[in-house]
Amino acid sequence: MRRSWVVLAAATMVAATACSGQGNDGRGEIAAPPSDPAKVSGEITVLTNRTDQIADGTLKKYAAEFRKEYPRVKVKFEGLTDYEGETKIRMNTDNYGDVLLIPNSLSVKQYPTFFASLGKSDDLSAKFDYTDHATVDGQVYGLAGIGVANGFVYNKTVWARAGITKWPTTPEEFVADLESIKSKTGATPYYTNYKDGWPLTNWTNAVGSPTCDPDAYDKLATTGKPWSRGSDLYTIDKLLYTIVDDKLAEADPTTTNWEDSKARIATGKIASMWLGSWAISQMQAAAKAAGKDPGDIGFMPFPAQKNGKFCSVLRPDYQYAVNVHSPRKAAARAWIDWYITKSGQAAAEGSLSSVKGAPLPGTLEAFADNDVTMIPQHQRNLAEVNSIDKASEIGITAQDYRQKLVDVARGAAGGDMDSYFDELNGKWSEARQTVG
């Protein structure tokens, strides 16, 4: 499983932690890079969502390579199928591994409570991208394993059979292309992965693409009605709604299966899915396993252009952190630095390295060839956006509100797109006033 996102009631978790006597203000806790590998020792536990890489031995191989440099450190992996849900429970105690992926729905303000500082932002931002996504008061609490471009993973052969030879440049053109796929190929034009839920959250990562604005996410902090016509969230969610409303997605979204979807897109039974670029190599591997050409798997940007060019948002995947309670912080930090900078895992998976200056992977060659503009998704106002989002009870980085959007579109919930957007705008506007 790649990742699983659920709503995390951050305030509840903090309250539970306080009541249990656990938790700690980690501002004084530093997990500094070790200067001498020979002096670092201990067994560390790394919590991971990559249960597939535990099963196929990939992580075991990385640990063996790591131990050549740090012979006195043993790395043990604990795979969590429902990573977000299980980690949320574990973080009510001190026992949530030595190294872990920062849960996506955890408020950035809480990072110092649960994680040790990895160093000053000024220092780490010179070497790594995306450090602003995990910085509190000038201290960095997480480093991204990889960077992610966002777009549609698609089966090029299926799209070609439908007579489509160019990427759609507008949402309307994209929908028309899905109509052609439905009528000419028999493949499911779009697959929501509704049941697993977390793939629906990836649509938020398109914020910035329609307007080609790296500050679009930050502007949510000062926007009263984000689902107003012309805004990124309106454009993004209208496209998803229209796809489902026009019956261009799977017939019963409650029966979707993430792992199964890999083989289905690889073999042409599914035409497209909105995901991060990390998914390309997984779909290509599924194609190879099914005896199909991995080259059938392509990646296209969100169907919108600014000044004649597509824009794709770059943002971090899960960020690695050190448990503030870990007694083996030096070993934990050693693993994070080695894994990100020396393991070769980003290149092996066709992903963007988070190390500054790293070249684009081959999986994004089409983006380079078609002059797609890669923009960062700035999150300087992340704390403010998180506060408004929490007060609104919408959860723009969680799955629930888009599952309801799909339910409204397919007739399983009342209302229509306009009424639902009005509801979301009302909640956001009221929350902004409450937060102040």
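Numbers here are sequence positions counted from 1. Quick caveat, the model's predicted, so the values are computed rather than measured.
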Is [X] reaching over with its side chain to a backbone N or O of [Y], donor-acceptor style, under 3.5 angstrom?
{"X": "D389", "Y": "V385", "answer": "no"}
{"X": "S231", "Y": "P226", "answer": "yes"}
{"X": "K269", "Y": "T188", "answer": "no"}
{"X": "S312", "Y": "N150", "answer": "yes"}
{"X": "T223", "Y": "K225", "answer": "no"}
{"X": "S277", "Y": "A149", "answer": "yes"}
{"X": "N155", "Y": "I265", "answer": "yes"}
{"X": "D317", "Y": "G147", "answer": "no"}
{"X": "S272", "Y": "P189", "answer": "yes"}
{"X": "D232", "Y": "G208", "answer": "yes"}

Is there side-chain contact between [X] and [Y], with at least one heavy-atom pair below 4.5 Å?
{"X": "I236", "Y": "F302", "answer": "yes"}
{"X": "Q110", "Y": "V136", "answer": "no"}
{"X": "W227", "Y": "I394", "answer": "yes"}
{"X": "W335", "Y": "D98", "answer": "no"}
{"X": "L233", "Y": "Y217", "answer": "no"}
{"X": "D94", "Y": "F114", "answer": "no"}
{"X": "Y320", "Y": "L101", "answer": "yes"}
{"X": "L47", "Y": "V99", "answer": "no"}

### Task
Decide if atom CD of E43 counts as having more than 12 heavy atoms of other residues, nucleotides or ligands within a radius under 6.0 Å.
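Correct, the count exceeds 12.
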### Task
Would you please test D252 and T254 for side-chain hydrogen bond (donor to acceptor under 3.5 Å, both in side chains) and show each step?
CA-CA 5 Å; D252 184 1; T254 64; 2.6 Å; yes
SB check [X] [Y] (cutoff 4.0 Å):
{"X": "K219", "Y": "D213", "answer": "yes"}
{"X": "K262", "Y": "E259", "answer": "yes"}
{"X": "D337", "Y": "R333", "answer": "yes"}
{"X": "E86", "Y": "R90", "answer": "no"}
{"X": "K60", "Y": "E65", "answer": "no"}
{"X": "K120", "Y": "D122", "answer": "no"}

For the atom pair [atom1] ([X]) and [atom2] ([Y]), what is the distance rounded to the nearest 0.5 Å?
{"X": "D237", "Y": "T204", "atom1": "CG", "atom2": "OG1", "value": "7.0 Å"}
{"X": "R328", "Y": "N323", "atom1": "CZ", "atom2": "CG", "value": "9.5 Å"}
{"X": "E430", "Y": "I388", "atom1": "CD", "atom2": "CD1", "value": "12.5 Å"}
{"X": "I297", "Y": "K292", "atom1": "CD1", "atom2": "NZ", "value": "11.0 Å"}
{"X": "K427", "Y": "T434", "atom1": "NZ", "atom2": "OG1", "value": "13.0 Å"}
{"X": "L118", "Y": "I336", "atom1": "CG", "atom2": "CD1", "value": "5.5 Å"}

Between [X] and [Y], is the gap from one ring center to the other below 6.0 Å?
{"X": "Y83", "Y": "W198", "result": "no"}
{"X": "F174", "Y": "F152", "result": "yes"}
{"X": "Y70", "Y": "W338", "result": "no"}

Assess, by modelled atom type and distance only, whether the side chains of [X] and [Y] contain a donor and an acceptor separated by less than 3.5 Å.
{"X": "E349", "Y": "Q53", "answer": "yes"}
{"X": "T256", "Y": "N193", "answer": "no"}
{"X": "E250", "Y": "T192", "answer": "yes"}
{"X": "Y318", "Y": "W278", "answer": "no"}
{"X": "D56", "Y": "T58", "answer": "yes"}

Please report the closest heavy-atom contact between [X] and [Y], naming both atoms and the distance.
{"X": "R72", "Y": "V40", "value": "CB-O, 3.3 Å"}
{"X": "F299", "Y": "L364", "value": "CD2-CD2, 3.7 Å"}
{"X": "L178", "Y": "I243", "value": "CD1-CG1, 3.8 Å"}
{"X": "I340", "Y": "S354", "value": "CG2-OG, 3.4 Å"}
{"X": "V153", "Y": "G276", "value": "CG2-O, 4.5 Å"}
{"X": "A216", "Y": "T211", "value": "CB-OG1, 4.3 Å"}

### Query
Going through the distances and angles, do Y194 and D407 end up as a side-chain hydrogen bond (donor to acceptor under 3.5 Å, both in side chains)?
CA-CA 10 Å; Y194 171 103; D407 286 342; 2.8 Å; yes
### Task
Could you check F310 against F367 for ring-ring contact (aromatic ring centres under 6.0 Å, His included), going step by step and ending with a plain yes or no?
CA-CA 9 Å; F310 293 104; F367 274 31; 8.5 Å; no
### Task
Please report the C-alpha distance between S107 and N386 in whole Å, then the side-chain angles of each, then the deciding distance to 0.1 Å, and finally whether the side-chain hydrogen bond (donor to acceptor under 3.5 Å, both in side chains) criterion is met.
CA-CA 6 Å; S107 169; N386 280 349; 4.5 Å; no
### Message
Run D129 and K356 through salt bridge (Lys or Arg N to Asp or Glu O under 4.0 Å) and show every step you take.
### Response
CA-CA 6 Å; D129 288 322; K356 278 191 177 301; 2.8 Å; yes
### Query
Once the angle between the rings of W159 and Y154 is folded into 0 to 90°, is it parallel (under 30°), tilted (30 to 60°) or perpendicular (over 60°)?
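Rings of W159 and Y154: perpendicular, as their planes differ by over 60°.
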### Query
Angle class for the F115/Y111 ring planes (parallel below 30°, perpendicular above 60°, tilted otherwise)?
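F115 vs Y111 ring planes: perpendicular.
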Per-pair distances, 0.1 Å, donor-acceptor, side chain in residues 377-384, under 3.5 Å, sequence neighbours excluded:
residue	atom	partner	partner atom	Å
Q377	OE1	R315	NE	3.0
Q377	OE1	Q379	NE2	3.0
Q377	NE2	V207	O	3.2
H378	ND1	D215	OD1	2.9
H378	ND1	R380	NH1	3.1
Q379	OE1	H133	ND1	3.2
R380	NH1	D215	OD1	3.4
N381	ND2	D218	O	3.3

### Query
For N205 and N202, what are the C-alpha separation, side-chain angles and deciding distance, and is it a side-chain hydrogen bond (donor to acceptor under 3.5 Å, both in side chains)?
CA-CA 5 Å; N205 296 336; N202 198 67; 2.8 Å; yes
### Task
Please test L200 against Q403 for side chain to side chain contact (heavy atoms under 4.5 Å, CB included), starting from the C-alpha separation and ending with a verdict.
CA-CA 7 Å; L200 288 171; Q403 284 180 324; 3.6 Å; yes
